[in-house]
Amino acid sequence: MNTLTQTPEPGYTGYVAQEHHHDYAGDSLLGFWIYIMSDCILFATLFATYAVLSTGFAGGLTPKDLFDLEFVAVETALLLFSSFTFGMAMLGAQSKNMTQLLLWLSITFALGGGFLVMECYEFYHFSNEGAGPTTSAYWSAFYGLVGTHGLHVLAGMLWMIVLVVHLLRDGITETNHTRLACLSMFWHFLDVIWICVFSMVYLMGVM
Amino acid sequence: MGNNAQSHGGAAHGTVKEYIVGLILSIVLTAIPFAVVMNGGVSSGLTLVLILLCAIAQVFVQLVFFLHMNTSSEQIWNTTSAVFIVLIVAIVVLGSIWIMQHLNHNMLMGH
């Protein structure tokens with residue numbers, strides 16, 4: 001009797017080792033993580049540019065003239081708390097509690113919005129004071145770095161809106177949970193980048 | 001964190017306690033450098049070291065408590081890729097600063 005031609009048991013796929021219920025979501029999350037890592041390189045080049053041009057004021061305004069640390073502390077607090085509230089939203093999704101999820105997600109959205117409004121006001125204020133993106137090498141690097149972070153926050157907020165539409169339409173499904181987990185990684189990542197921004201740009205800028 | 005805290009391969013879930021501890025540590029590590037710079041009185045060299053140490057510590061706090069990074073088998077590829085990116089970022093940032101400083105020195109800029 002030839003064992004090789006034996007009929008396999010029902011349900012046998014030949015990939016016993018890979019048979020795992022949540023494998024697909026894990027692949028998506030690892031893939032998104034790799035994207036975030038590539039985004040790190042984007043920010044690394046902007047930080048390197050900023051560091052190299054950090055003394056190129058062309059005789060114009062310096063960060064010491066303009067930076068207001070109390071203002072930056074509030075911006076930092078908004079982003080830090082939004083990272084925490086997104087964590088709370090994830091716990092809501094984990095326990096399949098739609099009310100908790102939407103409530104914490106809205107708070108996160110509001111905190112992110114508050115951060116963006118403050119940043120836009122800051123850019124407007126600096127430009128009016130005579131430090132626009134074209135003023136000197138330093139200010140070009142400043143707007144490039146801080147502005148790119150701001151655009152990421154804006155992208156995260158737009159993503160949140162799209163995700164809430166999906167959640168209201170389909171509920172907390174497996175797919176939506178994966179999307180939410182990706183956005184959560186993205187949002188925490190933006191907070192990590194902001195730590196580097198306030199340390200390197202604002203705190204070292206006024207020293 | 002036990003295995004039951006992970007339902008998706010590569011994505012660990014936190015607990016309320018974990019997020020609160022992460023938040024408190026982040027607030028402390030943010031408040032220290034802000035307070036030092038705003039109040040002054042500390043030498044600029046020491047201030048620089050404090051800012052850098054607090055920033056690095058807070059990045060680790062967020063990676064561990066908010067992004068739940070660890071060395072479990074489900075997370076090992078996330079962690080490995082992150083370590084690799086830290087190397088690349090260090091080369092890009094420190095390398096650029098190093099090269100441009102030497103360039104400025106050799107071109108007699110700022111002297």
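Proteins come first, then strands; the chains are lettered A, B, ... in the order of their sequence lines, and each starts at number 1.
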Contact leader toward chain A among B:V37, B:V61, B:L29, where contacts are heavy-atom pairs under 4.5 Å: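 The candidate making the most pairs under 4.5 Å is B:V37.
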Pick from B:I97, B:L94, B:L48: which one has the most heavy-atom pairs with chain A under 4.5 Å?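 Counting heavy-atom pairs under 4.5 Å, the top option is B:L48.
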Taking side chain as everything from C-beta outward and backbone as N, CA, C, O, which of these in [X] sits under 4.5 Å from a heavy atom of chain B? Side chain, backbone, both or neither.
X: A:I34; answer: side chain
X: A:V206; answer: side chain
X: A:T45; answer: both

Looking at every non-hydrogen atom in both residues, tell me the closest pair between [X] and [Y] and how far apart they are.
X: A:L80; Y: B:S26; answer: CD1-CB, 3.4 Å
X: A:E70; Y: B:M38; answer: CG-CE, 3.2 Å
X: B:V92; Y: A:A48; answer: O-CB, 3.9 Å
X: A:C40; Y: B:I85; answer: CB-CG2, 3.6 Å
X: B:Q62; Y: A:S83; answer: OE1-OG, 4.1 Å

Part of [X] lying under 4.5 Å from any heavy atom of chain A:
X: B:Q58; value: both
X: B:I88; value: side chain
X: B:I99; value: neither

Is it true that, when you exclude [X] itself, more than 12 heavy atoms of the residues, nucleotides or ligands shown sit nearer than 6.0 Å to its [atom1]?
X: A:Y121; atom1: OH; answer: no
X: A:W159; atom1: CH2; answer: yes
X: B:F84; atom1: CZ; answer: no

Atom pair [atom1] ([X]) and [atom2] ([Y]), whose distance is rounded to the nearest 0.5 Å:
X: A:L91; Y: B:E18; atom1: CG; atom2: CD; result: 9.0 Å
X: A:H188; Y: B:M69; atom1: NE2; atom2: CE; result: 12.5 Å
X: A:S184; Y: B:H68; atom1: OG; atom2: NE2; result: 6.5 Å
X: A:M185; Y: B:N78; atom1: CE; atom2: CG; result: 7.0 Å
X: A:I36; Y: B:L67; atom1: CD1; atom2: CG; result: 7.0 Å

Determine whether B:L52 and A:M204 satisfy the following criterion, side-chain contact (heavy atoms from CB on, under 4.5 Å), listing intermediate values before the conclusion. CA-CA 10 Å; B:L52 286 175; A:M204 290 186 190; 3.5 Å; yes
Measure up the B:F34 and A:F198 rings against each other and bin them: parallel (under 30°), tilted (30 to 60°), perpendicular (over 60°).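 Tilted, since the angle between the ring planes falls between 30° and 60°.
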Partner chain B: residue of [options] with the largest heavy-atom pair count (under 4.5 Å):
options: A:S199, A:S38, A:S54; value: A:S199
options: A:L69, A:T55, A:T76; value: A:L69
options: A:V192, A:V52, A:I41; value: A:V52

Could you walk me through whether A:F81 and B:I27 pass the side-chain contact (heavy atoms from CB on, under 4.5 Å) test, one step at a time? CA-CA 9 Å; A:F81 276 101; B:I27 290 173; 4.0 Å; yes
Would A:M200 and B:I51 count as a side-chain contact (heavy atoms from CB on, under 4.5 Å) here? Give the steps. CA-CA 8 Å; A:M200 229 177 119; B:I51 292 174; over 6 Å; no
